[in-house]
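Quick note on labels: first sequence line is chain A, next is B, and so on, each numbered from 1.
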Amino acid sequence: MLESSVFSAPTTMSKGYDHRTIEAKWQQYWDQHRTFRVTEDPGKPKFYCLDMFPYPSGSGLHVGHLEGYTATDIVTRYKRMRGFNVLHPMGWDAFGLPAEQYAVKTGIHPAMTTAENIATFKRQMKRVGLSYDWERELSTTDPQYYRWTQWIFLKLFDRGLAYVAEVPVNWCPALGTVLANEEIVDGKSEVGGFDVIRKPMRQWVLKITAYADRLLEDLKLVDWPPSTLEMQKNWIGRSIGAEVDFSLADRRGAIRVFTTRPDTLFGATYMVLAPEHPLVDVVASEEQKAAVQAYRETAMKKSDLQRQELDKEKTGVFTGGYAVNPVNHERLPIWIADYVLMSYGTGAIMAVPAHDERDWAFARQYHLTIREVIAGGNIKEAAFTDTDRGTVVNSATSDGSFSINGRTPSEAIPKITEWLEKQGKGIRAVNYKLRDWLFARQRYWGEPFPVLWVDGEARPLPEEQLPLVLPETGNFKPSGTGESPLANLDAWLTTIDPITGKPARRETNTMPQWAGSCWYYLRFIDPKNSTHLVDPIKERYWMPVDLYIGGSEHAVLHLLYARFWHKVLFDIGVTSTPEPFLKLVHQGIVLGEDNQKMSKSRGNVVNPDEMIDQFGADAVRLYEMFMGPLEAMKPWSTRGVEGVTRFLERVWRLMVDEQGRLSSVIVSTVPSLYQQRLLHHTIKKVTEDIEALRFNTAISQMMIFTNEMTKAHQRPRAVIEPFILLLSPFAPHVAEELWNLLGRQSSVSQQPWPIYDPAMTVSERMTIPVQVNGRLRAKLEVAIDTSPDEIERLARAEAAEWIQDKETKKVIYVDKKLINFVI
RNA sequence: GCGAGAGUGGCGGAACUGGCAGACGCGCGAGACUUAGGAUCUCGUGGGCAACCGUGGGGGUUCAAGUCCCCCCUCUCGCACCA
C-alpha cells in the first residue's frame, strides 16, 4: 500500500499523459453513449465473440482472467471496425461452493456474497475498458435465468435423458455431508481432515452416453486446439471390438466379455470378473467362497485413490469356478481381481496374458498359463501387443473349419468377429469410457430440480410453474442425513402434486455448477426473453459462437457438457447448429514474477487493480498481450509493464506537446514514400496478426512505427490518424483521447479499420545476402528490379575475397531473397 | 507407462511454405540534457582478441536446417489398470 502511493505520486504531469483522467473519461463516454450495445442487423455480417464467464470469487479478477478478456476485446473492437455486427457479452457463473461454504461459516447468505463479488468483478472489468454490451449481463443465479436451466432439465427428463440411480458419493461421516471431489485432499476432507468413504446414494444422472458418438464425430466440425480435441476424444474413449459369451463349465449361464482383441481369443487362459460382478456368487465354489468374500470386501473398501496407490501390484483370488472358451472348448479358471472394473465394458474379461500387459503381469504373479497366439515378440519378457506386426498362430478350430493363422492381428480382427457373429458366439461391439453424468449435488446454492416425489416416483413440475425458486433460509448447514440443506426446510419441502393432488416431497438435491454454464451463450443472444429460452430468429442470426476464449482447465468437462446440452437443444429445435463453439482458444497461465504459479502463500499474486492504479488500463492491456503468445504459459513482469507504458507515452508525445495541445509537428502535408510504406506495412502486419491472435507481434510492429515516426520532424495526419485506429483495439482510452485531440469527433471505435495498399508494402530497394558455401559473406543493396545476372555479377565482386580464383560449381539464386556460391 | 505441447541471448520472446538467427521489449553499458534522475533522448549490447562458434544433446538430408528425418535428454499439461 505504501509503495504504491510512492509510485502514484503525481509525476504524471511531466509525462504529459494522465491515464486516470483519460480512462475514467472515456469509460464514462462509452457508458453514456451505449457505444457497445448491439442488436441484430441483417445488413451486417455477425461475429459472436465469447469469454468463458467467471465464477465471481471473493478475491476479484486476476491478471490471468485479463489476458483472455483483453484478447477477445481486441478482436471484438477490431471486428466492429471491420464492419461486423459483434456480440460480446459478459455474465456470471455465480452458483458454486465457495459462497456456500462462506455462508456455513458466517451465516451470510450466498446471494449477498455473490452480489458483492459480482459488483467487484464488474467494476474491475469496466476499469479495463472491456467493450461488453452490459445490457446483456446475466447471472446463473437469477431465477429468470435458472428458470430456463430448469426448463432444459424438464426436456432432458421428457426424453429419458435424466434418470435416478444409486451412485456412490463421497460421504464424510464426521461432517455429516457429501463432499465434492474438489473438497477432498489425499482422501481426507479438506475441512478438518476427516475420513471420506464411498457410499451409494440416490442421484440424478444425465444420459450423456446416448450422445457419445455424436460428441466424438462432431469434433470434426470445430477448430479447437489439438490437445483439447485429444482430451475430449480420450474422455469419450470409444473402442471397437466384440462381445463374446463364455458359458460356465459346471452350471447354467455365461460370462459375457468385451474385448478389442478377438484375434487373441485362442490365447485366453483364464477369465477375470470385477469383484462387484453379479456372477461372482454363482461361480464361486464352496472351498473358495470365504476367500472370495474377503477379497470382495477389501476391494469395496478401497477408495479410488487407494486403487491408484496400489497400481503396481495386481491382486486377485481364484473363484473355484470355470468357464468354457467358445472357440476351442477349453476350461478356463475364473478369477476375481480389482484390475477389472465393473464400470467398463461388461465388468468381465477374457485374459490373454501373452498379448495384454495387465493380464501378463497378473499371470506372472499367480503362475497362470501364458500362451502365444501372435508370433513376433518374446512373451517370456513381456506381452506382445502390436497389432500391425506379428503373425497369428495356433488359432484354428480343431475340426479345421475356421482359421486365422498366418494373418496379421489387424487383418484377423474383422475376420474372427464376422465368424463369431455367424456362429452366434459373439457380436461386434463398441464401448465408451464416457459414463453418464452425475448431475446432483447435496447443496443449497444451486438450481433446485423442478421435480416432485409422489409415491416414490419422480414427477416433473409443469413448465408453467417455473422457475422453482430457491427457498430463503438462514441455515446453510448440511442436513446431516446426506441430503442438502433444503431437506431442513419443511415448509418448502412438503407440497401437493398439482396433477394428482397427492402429498408430495420436493427433490432436495440441486444441480451442479456446470448446469448454468452449459447454455449461457444462448441466453446472451436474448437475455430478457420471458417466453422462450432464446428467440429462434435471433438464435439463427448469432449462432454459432465464432471465437471462444477461456482456460484449458475446462478442456473436458464444461466443453463436453455444453456440447451435450447443445445437441439435445438442437434435437428439440431450440438451436440451429450442431456445435456451439466454432473456434476455441485457451489463454496460457500467467505465472508470478518468480516464474512460479501465483498463490497467496507464495506472495507472488499480481493484483490488476494495483497495476491499473500505477500504469493505467491501456498499459496493462497492452502488456498482457505483449508478454508472449496468447496460449503460452509465461511469467508476469512489472518491468515489462513499464516498458509498454513508455511506448504509450512515446505515442502520446508523437502528437501532443508539453502543454497538452496537438503538437505542431502534426502536419497535413502528403507523407513521404517512406512514411507511407511504413504505415502500410504496419497496417498489414497488425491486421494479419490480430486475425491470427498474434497480439505480441502486432504490438512490436506498432512500436517500430512509433520509433520511426518519433525521428520524423513532420508527422503527417495521413499516417498518424490510421495508426491511432490500429492502436485503438489494444489501448482504446489513449486512442480515443488522441483521436479527439486530432480534432476528430465520434468514437474511434466506430471508425472503419484502415486498409493497406499491397503495392505500398514493398520497398523499391532490397538487401540480398551473399553466401559462399552457405556462409554469409556480404550483403548487396540493389534496386528491386535488378536482374539476376546483374545481382550475380555484383555479388561476385562483393564476395571476391572468398571466391578468389576458384571455380564456382554452382550458383543458387533465390529470387529477391539470397544468392549462394558453391565452390 | 500412454497421449498432447514445448526447449532460441542475462530475461520475456521474434523468425511466412528450409533462405541474413536473435525483430520488439526488459535488463545492462556509454553519452547528451540536467541542481538532480528510477524522467527523456542518442548510441551500443549472443559468445570469442581473432579465424570462427552459436537455436536442449547426438547423428543425417540439403548449396543452405531453429525449421525436414532418425535416436536421446529435459520441462509443462492431460489420462492413468478402460480389456
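Taking atom C1' on both nucleotides, G27(B) is separated from G46(B) by 15 Å, rounded to a whole Å. Only the P atoms considered, A15(B) is 12 Å distant from G19(B), to the nearest whole Å. Nucleotides A4(B) and G9(B) are separated by 27 Å at their P atoms, to the nearest Å. The P atoms of G58(B) and U67(B) are separated by 13 Å, rounded to the nearest whole Å. Nucleotides U45(B) and G10(B) have their C1' atoms positioned 11 Å apart, rounded to a whole Å. Taking the P atoms as reference points, G18(B) lies 11 Å from C69(B), given to the whole Å.
G66(B) takes the anti form, because its glycosidic angle lies more than 90° either side of 0.
Of the candidates C79(B), C24(B), G27(B), the closest approach to any side-chain atom of Glu642(A) belongs to G27(B). In the set A83(B), G5(B), G3(B), G5(B) carries the atom at the smallest distance from any side-chain atom of Pro226(A).
Ranked by how close their nearest RNA chain B nucleotide is to the 5' end, Thr259(A) and Trp802(A) are led by Trp802(A). Each of Asn773(A) and Ala348(A) was assigned the nucleotide of RNA chain B with the nearest heavy atom; the assignment lying further toward the 5' end belongs to Asn773(A).
You'll find the ring centres of Tyr270(A) and Tyr366(A) outside the 6.0 Å limit.
Between Phe695(A) atom CZ and A23(B) atom C1' the separation is 19 Å, expressed in whole Å. Ile334(A) has its CD1 atom 22 Å from the P atom of A83(B), to the nearest Å. In this structure, the CE atom of Met350(A) is 12 Å from the P atom of A83(B), given to the nearest Å. The distance from atom OH of Tyr813(A) to atom C1' of C63(B) is 16 Å, rounded to the nearest whole Å. The CD1 atom of Ile336(A) sits 16 Å away from the C1' atom of C81(B) (whole-angstrom rounding). Put simply, CH2 on Trp235(A) is 12 Å from P on G78(B), counting in whole angstrom units.
Arg261(A) places a side-chain heavy atom less than 4.5 Å from the side chain of Ile374(A). With a 4.5 Å cut-off on side-chain heavy atoms, Val590(A) and Met627(A) count as touching.
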Shorter than 3.5 Å, N or O on both sides, protein versus nucleotides 41-51 of chain B: list them out with atom names.
| unit_1 | atom_1 | unit_2 | atom_2 | d |
| --- | --- | --- | --- | --- |
| C41(B) | OP1 | Arg650(A) | NH1 | 2.8 |
| C41(B) | OP1 | Arg653(A) | NH2 | 2.9 |

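Side-chain atoms of Lys809(A) stay outside donor-acceptor range of the base of C63(B), with no qualifying N/O pair under 3.5 Å.
Side-chain nitrogen and oxygen atoms of Ser239(A) include at least one within less than 4.0 Å of the OP1 or OP2 phosphate oxygen of A83(B).
Donor-acceptor pairing under 3.5 Å is lacking for the side chains of Ser663(A) and Arg715(A).
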What is the per-nucleotide protein-contact pattern of nucleotides 8-21 of chain B, from the 5' end, where B denotes a base atom under 4.0 Å from a protein heavy atom, S denotes such proximity for sugar-phosphate atoms only, and - denotes neither?
-> ----BSS-B--BB-

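Counting only Watson-Crick and G-U wobble pairs whose two distances sit under 3.5 Å, RNA chain B takes part in these stems of three or more pairs: B:1-7 with B:73-79, B:10-12 with B:24-26, B:27-32 with B:40-45, B:56-60 with B:68-72.
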Mind listing the side-chain donor-acceptor pairs of residues 812-822 of chain A below 3.5 Å, one per line with the distance, residues two or more places apart or on another chain?
| unit_1 | atom_1 | unit_2 | atom_2 | d |
| --- | --- | --- | --- | --- |
| Tyr813(A) | OH | Lys816(A) | N | 3.1 |
| Asn820(A) | OD1 | Asn773(A) | N | 3.4 |
| Asn820(A) | OD1 | Gly774(A) | N | 3.0 |

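Annotation: ring pair (Phe, Tyr, Trp, His ring centres under 6.0 Å) contacts involving residues 687-709 of chain A, sequence neighbours excluded, comprise Phe705(A)-Phe723(A).
Checked against side chain to side chain donor-acceptor pair (under 3.5 Å), Arg371(A) has the following partners two or more places apart in sequence or in another chain: Glu330(A).
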